Amino acid sequence: MILGIGSDLVDITRIERSIDRFGDRFLARIFTDRERDRADSKANRAAVYAKRFAAKEAVWKALGEEDRPGIQWRELEVVNDASGKPSFELSGIAAARLRQITPEGLVARVDLSLTDEPPMAQAFVVISAEAPGLRETSGG
């Protein structure tokens, strides 16, 4: 069952200009330490930040725009598994909102796709609910 869908498109040069202009103040406000470590270790640093920025906007939309007051940027953390596949770790008000929109007896699943084709970066998020244990038995 789909609970929310969100997408966002970000101009990589806009993020690069924000980094150049505001530096650490901008990065610390928007991105977690893990996100910053990953982006700062890449040659295409601005594109990595732009994709994560787009992902945060997309999941915000998927959580329901009208009910998102109080969600902080750093509560929406993009992480990567060992193979590099991106996903989210939500905390604080964002995690509470996810629990709120998830029907009783079901488990929330947040799927994330990121891409870039300079000068643009894009993220697409689908929040769904499934029976507990379904992901493990479906091989995914």
Side-chain angles (χ1 to χ4, degrees):
M1 156 190 318
I2 293 178
L3 304 176
I5 297 173
S7 68
D8 198 61
L9 189 63
V10 172
D11 184 337
I12 296 169
T13 56
R14 185 181 127 223
I15 298 300
E16 193 167 34
R17 284 193 305 269
S18 293
I19 294 168
D20 291 344
R21 182 172 179 196
F22 301 108
D24 196 55
R25 195 173 84 212
F26 169 72
L27 296 175
R29 180 174 170 256
I30 306 295
F31 303 100
T32 66
D33 290 341
R34 285 193 295 182
E35 289 172 318
R36 293 176 67 188
D37 287 344
R38 181 170 181 87
D40 292 343
S41 72
K42 303 293 184 186
N44 58 345
R45 176 180 186 239
V48 175
Y49 278 123
K51 286 186 282 189
R52 276 150 178 70
F53 190 91
K56 291 169 186 268
E57 287 282 348
V59 78
W60 224 324
K61 293 171 184 175
L63 286 168
E65 290 185 276
E66 70 281 351
D67 293 320
R68 67 182 190 179
I71 294 175
Q72 303 297 307
W73 289 105
R74 293 170 47 93
E75 294 176 358
L76 310 167
E77 183 176 26
V78 178
V79 296
N80 296 81
D81 67 14
S83 71
K85 180 182 176 186
S87 63
F88 273 103
E89 286 188 11
L90 304 181
S91 61
I93 295 170
R97 174 66 181 149
L98 181 61
R99 286 189 299 273
Q100 179 186 31
I101 66 171
T102 304
E104 189 172 330
L106 299 179
V107 176
R109 176 177 172 159
V110 181
D111 290 298
L112 169 63
S113 177
L114 300 173
T115 191
D116 67 280
E117 181 64 42
M120 304 306 289
Q122 181 179 22
F124 187 77
V125 172
V126 176
I127 299 176
S128 56
E130 56 191 29
L134 183 62
R135 185 180 282 188
E136 293 79 21
T137 59
S138 66

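All residue numbers in this chain count up from 1 along the given sequence. This structure is a prediction, so every number in the text was calculated from the model and none was measured.
One finds a salt bridge joining Arg109 and Glu130 here, because a Lys/Arg side-chain nitrogen approaches an Asp/Glu carboxylate oxygen to under 4.0 Å.
Nearest approach of Gln122 to Ala54, heavy atoms of both residues: C-CB, 4.3 Å. Taking both residues in full, the closest heavy atoms of Arg38 and Lys42 are given as O-CG, 3.2 Å, listed atom of the first, atom of the second, then distance. Closest approach of Ala58 to Ala123, counting heavy atoms only: CB-O, 4.0 Å. Taking all atoms of both residues into account, the shortest heavy-atom contact from Leu90 to Ala95 is O-CB, 3.6 Å. Smallest separation of non-hydrogen atoms from Ile101 and Ala62: CD1-O, 4.5 Å. Heavy atoms only, all atoms of each residue included: Glu77 and Thr32 are closest at OE2-OG1, 2.7 Å.
Residue Ile2 belongs to a hydrophobic cluster whose other members are Ile5, Phe124, Val126, with links defined by side-chain heavy atoms closer than 4.5 Å.
In this structure, the side chain of Arg74 engages the main chain of Phe31 through a donor-acceptor pair within 3.5 Å. With hydrogens and angles disregarded, no donor-acceptor distance shorter than 3.5 Å links the side chain of Glu57 to the backbone of Asp8. Panel note: side chain Glu35, backbone Val78; a donor-acceptor pair is recorded below 3.5 Å.
Between atom CG of residue Asp116 and atom CD1 of residue Ile12 there is a gap of 4.5 Å, rounded to the nearest 0.5 Å. Atom CD1 of Ile93 and atom CG of Leu63 lie 12.0 Å apart (nearest 0.5 Å). Rounding to the nearest 0.5 Å places CH2 of Trp60 at 8.5 Å from CD of Glu75. Note that the NZ atom of Lys61 and the CD1 atom of Ile127 stand 13.0 Å from one another [nearest 0.5 Å]. Note that the OH atom of Tyr49 and the CD1 atom of Ile15 stand 11.0 Å from one another [nearest 0.5 Å].
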Practice item. Take Arg52 and Leu76 through the side chain to side chain contact (heavy atoms under 4.5 Å, CB included) test and state the conclusion after the steps. Key: CA-CA 9 Å; Arg52 276 150 178 70; Leu76 310 167; over 6 Å; no

Review point. For Asp11 and Met120, what are the C-alpha separation, side-chain angles and deciding distance, and is it a side chain to side chain contact (heavy atoms under 4.5 Å, CB included)?
Key: CA-CA 5 Å; Asp11 184 337; Met120 304 306 289; 4.1 Å; yes

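A heavy-atom distance below 4.5 Å is not found between the side chains of Val107 and Thr102. Within the 4.5 Å cutoff, side-chain heavy atoms of Leu3 are placed close to those of Pro103. Looking at Ser87 and Leu112, their side chains never come closer than 4.5 Å, going by heavy atoms from C-beta outward.
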Acceptor/donor pairs from residues 19-29 side chains to any protein atom, 3.5 angstrom cut, sequence neighbours excluded:
residue : atom : partner : partner atom : Å
Asp24   : OD1  : Arg36   : NH1          : 3.3
Asp24   : OD1  : Arg36   : NH2          : 2.1

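Hydrophobic clustering keeps Val48 apart from Val10 (ILVMFWY residues linked when any side-chain heavy atoms are closer than 4.5 Å, directly or through intermediates).
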